[in-house]
Amino acid sequence: MLVTITGLRTSNRGSAMSAKGSVLSRFAQLALAFARPAIMLLGCSAGAFAQTAGPPERLSDVELDAMFTQAGRSQATLRLLLQKFPKGADLHNHGGTYAEDYLRWAAGQNGCLQIKAKKLSPQPCVGPDSVPLRGLEERDVKLYNNAIDAMSARGFRQGVGDPTVSGHDRYFGGFQRTLGSVEDIGFILATSREQAVESHSHYAELMVGPDINGHTREFATEPWNEADMAGRLARLAPVIRAAVARGRSDLDLIQKTADDINGCHSRYPKDACEITVRHILTVKREAQPEQIFGRIALGFALAEADPRIVGINILNPEDGPIALRDYRLHMRLFAFFKQRFPNVTLTMHAGELTLGLVPPRDLRFHIREAVEIAGAKRIGHGVDIAYEDGAAELLKRMAHEQIAVEINLTSNDVILGVKGSEQPLRMYLAAGVPVVLSTDSSGTLRHDLTYEYMRAFFEHGLKYTELRKISRNSLTYSFLEGASLWDGASNKMVAYCVNGIRNPSRSCSLFLKNSPKAREQLILEQRIEQFESELADMLKISIAQ
């Protein structure tokens, strides 16, 4: 019996519309397991069936895409499904701490709010412009809410607050308002792990870790001379060794603080303790070349010395005056260190720009030089790809070399005003460039990883199977050590594990034992299998309620 399913999207969903009658019949039979509201959502008549089907088998890809298309007619229903959908990893993440959480933490440290500057500071709270954070939500609710708006993009996204302050400035300004202690970073790590649990991801590469920017004056005692970088590095060696030891000690304290907050060594540890975390060190680019050189030198040395650190990135607004002036120099600096530390991996903020924010000339080469000069294995944002010189050739190279792009839909919307068809997500997918979805900074932007998947579905017409591929990509293109369970180019699982998702063979078990990345990927496959096997029941319950 062929049942017509109405209401399917036409944009990017041709495979669902052109499915063979036998597939649609099976999908219709699966609807029998649903309550009447579910059948109505799927566009089927309850009277069209003569008998009740048995337990549904695991759905095919065509059926999964069709089911999600129908579920997408209700944003609330799709939210429920995608909330539970296993997402693998969040690879572009500056920390998931919401302002409310951080204010609570800072109050517990007896911190202060500087009212005019809208910044936090350690005790003592001196003068009428400095007030204690402890109890502020009870004493002055308006001031407390103003502090939240100053530390996030909440007001901007709600269309309130000072209209002269852009989303760009609200976002980047939010990073300047912490107490600045090593324990603070531990708190950010703890809350980021909790965010990962809530988003149903189980691995994170956090741009949260030891500070390699605040102790670099001792690296900048000589005038800058690019021709003598090797000599400068040799002379800095003793200073770098001492700084590496401090950095590793700081990372120990960061992780201990996070473990204590999450109760990881208590009788009842939180689920956050099960999240696998690696760290990406970040070099702030708004500084003079001699300082940048020292920061990058320390970053590479620390990443080489500590396996918990799997990569390096560069940050600060890409449209900043020094960032624009010295962009090419910064890429050459990374190339210099990459030659000396070939095992250290790079992901680069590049192309986080749009027309009007900067002159057109600054849109023409940032992604290309991050790939060709610095040697980046992932690109963060990549928004201005269409403006790059030789964009088609660059996309082809990125696809061939499997250089992934970290797409941050909400971030690009708030900071750059780029969304919908202006966002090049579909361009990257069409070119075969690996894509991952990430949050950038969920606490500052007031969202989560599930919301990014929802935007990809609603704004860019991605099918369920495309979202599943993106989830897999998040582990395949992570910097987690070990061989991948997937061949990224062919999209096939390694041969000796292809039939061993639940009960790996001996050869597959040996492969998994030697690869932390593959173990995380296997966890994801098991969770996806479970999710897909329960999807019909989840949809029935969500609609019945």
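Residues W105 and Q109 meet the side-chain proximity criterion, which asks for heavy atoms closer than 4.5 Å. At a threshold of 4.5 Å between non-hydrogen side-chain atoms, the residues T476 and P434 do not count as touching. In this structure, the side chains of K377 and L346 stay at 4.5 Å or more apart for every pair of heavy atoms. Inter-residue side-chain proximity for L329 and P289 is flagged as met; some heavy-atom pair is nearer than 4.5 Å. In this structure, the side chains of Y98 and T444 stay at 4.5 Å or more apart for every pair of heavy atoms. Contact annotation: the side chain of L416 never approaches that of L353 to less than 4.5 Å [non-hydrogen atoms, C-beta and beyond]. By the 4.5 Å heavy-atom criterion applied to side chains, P321 and E286 are counted as neighbours. When side chains are defined from C-beta on, L302 counts as touching L281, because their heavy atoms get closer than 4.5 Å.
The pair D129-K116 does not meet the salt-bridge criterion, since no charged nitrogen lies less than 4.0 angstrom from a carboxylate oxygen. No salt bridge links D140 with K142; every basic N to acidic carboxylate O contact stays at or beyond 4.0 Å. By the 4.0 Å N-to-carboxylate-O rule, R235 lies close enough to E222 to be salt-bridged with it. D259 has no carboxylate O lying under 4.0 Å from a charged side-chain N of K270, or vice versa, which leaves the two without a salt bridge. Between E198 and R193, none of the side-chain N atoms (NZ, or NE/NH1/NH2) sits under 4.0 Å from a carboxylate O, so this pair counts as no salt bridge. The pair R378-E205 meets the salt-bridge criterion, since a charged nitrogen lies less than 4.0 angstrom from a carboxylate oxygen. Residues E290 and R232 are not paired through a salt bridge, judged by the lack of any N-O separation under 4.0 Å between the basic side chain and the carboxylate. The pair K84-E534 does not count as a salt bridge, with every side-chain nitrogen at least 4.0 angstrom from each carboxylate oxygen. In summary, K118 and D149 do not engage in a salt bridge, as defined by a charged side-chain N under 4.0 Å from a carboxylate O.
Taking the six-membered ring for Trp and the full ring otherwise, H200 and F85 have centroids separated by 6.0 Å or more. Note: F337 and F293 meet the aromatic proximity criterion, with ring centroids under 6.0 Å apart. Between H349 and H94, a ring centre-to-centre spacing shorter than 6.0 Å is recorded.
Using modelled atom types, no side-chain atom of E406 and backbone atom of H381 make a donor-acceptor pair closer than 3.5 Å. Under a 3.5 Å cut-off, the side chain of R139 and the backbone N or O of R134 do form a donor-acceptor pair. Checking side-chain atoms of Y102 against main-chain N and O of I188 turns up no donor-acceptor pair under 3.5 Å. With hydrogens and angles disregarded, a donor-acceptor distance shorter than 3.5 Å links the side chain of S192 to the backbone of G96. A donor-acceptor contact shorter than 3.5 Å is absent between the side chain of D448 and the backbone of S199. A donor-acceptor pair is defined here as one N or O able to donate and one able to accept, closer than 3.5 Å; no such pair exists between the side chain of H279 and the backbone of M207. In this structure a side-chain-to-backbone donor-acceptor pair under 3.5 Å is present from S478 to L475. A donor-acceptor pair under 3.5 Å links the side-chain atoms of K87 to the main chain of L82, judged by distance alone. The backbone N or O of V197 lies less than 3.5 Å from no partner atom in the side chain of S201, so there is not a single donor-acceptor pair. Using a distance-only test at 3.5 Å, with no hydrogens or angles considered, a donor-acceptor pair links the side chain of Y327 to the main chain of H366.
Of the inter-residue distances, the one linking D90 atom CG with H202 atom NE2 reads 13.0 Å to the nearest 0.5 angstrom. To the nearest 0.5 angstrom, I379 atom CD1 is 9.0 Å from N313 atom CG. Considering CD1 of I115 and OG of S130, their distance stands at 8.0 Å, rounded to 0.5 Å.
The side-chain contact (heavy atoms from CB on, under 4.5 Å) test with K284 is passed by exactly one of I212, D211, N213: N213. Considering T439, D440, V383, L437 in turn, D440 is the only one that fulfils the side-chain contact (heavy atoms from CB on, under 4.5 Å) rule with N408. Of the candidates R468, R519, R472, E525 forms a salt bridge (charged side-chain N to carboxylate O under 4.0 Å, His left out) with just one, namely R472.
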Apply salt bridge (Lys or Arg N to Asp or Glu O under 4.0 Å) to R104 and E137, showing your working. CA-CA 10 Å; R104 173 175 51 82; E137 70 278 12; over 6 Å; no
Go through it in stages, so that I can follow the logic: the residues are Y453 and Q83, the test is side-chain hydrogen bond (donor to acceptor under 3.5 Å, both in side chains), and I'd like the CA-CA distance, side-chain angles, deciding distance and then a yes or no. CA-CA 9 Å; Y453 277 75; Q83 176 70 32; over 6 Å; no
Checking T257 against I254 for the side chain to side chain contact (heavy atoms under 4.5 Å, CB included) test, could you report, in this order, the C-alpha distance in whole Å, the side-chain angles of both residues, the deciding distance, and whether it holds? CA-CA 5 Å; T257 303; I254 290 167; 6.0 Å; no
Stepwise side chain to side chain contact (heavy atoms under 4.5 Å, CB included) check, L480 with V310: CA-CA 7 Å; L480 188 60; V310 294; 5.8 Å; no
Under the side chain to side chain contact (heavy atoms under 4.5 Å, CB included) rule, what do E318 and M348 come out as? Steps first, then yes or no, please. CA-CA 11 Å; E318 197 174 338; M348 306 291 284; over 6 Å; no
From CA spacing to verdict: salt bridge (Lys or Arg N to Asp or Glu O under 4.0 Å), R446, E100: CA-CA 11 Å; R446 316 288 292 186; E100 294 92 328; 2.9 Å; yes
After noting the C-alpha distance and the side-chain angles of D252 and R308, does the key distance pass the salt bridge (Lys or Arg N to Asp or Glu O under 4.0 Å) rule? CA-CA 10 Å; D252 290 340; R308 296 170 292 183; 2.9 Å; yes
Run S181 and D184 through side-chain hydrogen bond (donor to acceptor under 3.5 Å, both in side chains) and show every step you take. CA-CA 5 Å; S181 70; D184 278 4; 3.1 Å; yes
Evaluate the side chain to side chain contact (heavy atoms under 4.5 Å, CB included) criterion for residues I261 and L189: first the C-alpha distance (whole Å), next the side-chain angles of each, then the deciding distance (0.1 Å), finally the verdict. CA-CA 10 Å; I261 293 169; L189 172 58; over 6 Å; no
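Across all their heavy atoms, A243 and L298 have their closest contact at CB-CD1, 3.5 Å. Of all heavy-atom pairs spanning G88 and S471, the tightest one is N-OG, 3.6 Å. L512 approaches A518 most closely through the heavy-atom pair CD2-O, 3.6 Å. Minimum heavy-atom separation, L133 to A106: CD1-CB, 3.5 Å. In terms of heavy-atom proximity, P210 sits nearest to G247 at CG-O, 3.4 Å. In this structure, F457 and G72 approach most closely via the heavy-atom pair CE2-CA, 3.9 Å.
Looking at residues two or more places apart in sequence or on another chain, you find a side chain to side chain donor-acceptor pair (under 3.5 Å) between D260 and K256.
Looking only at atom types and distance, the side chain of N412 has a donor-acceptor partner in the side chain of Q423 under 3.5 Å away. When only modelled atom types and interatomic distance are considered, S121 and Q114 share a side-chain donor-acceptor pair under 3.5 Å. Remark: the Q521 side chain and the S484 side chain contain an N/O donor-acceptor pair separated by less than 3.5 Å.
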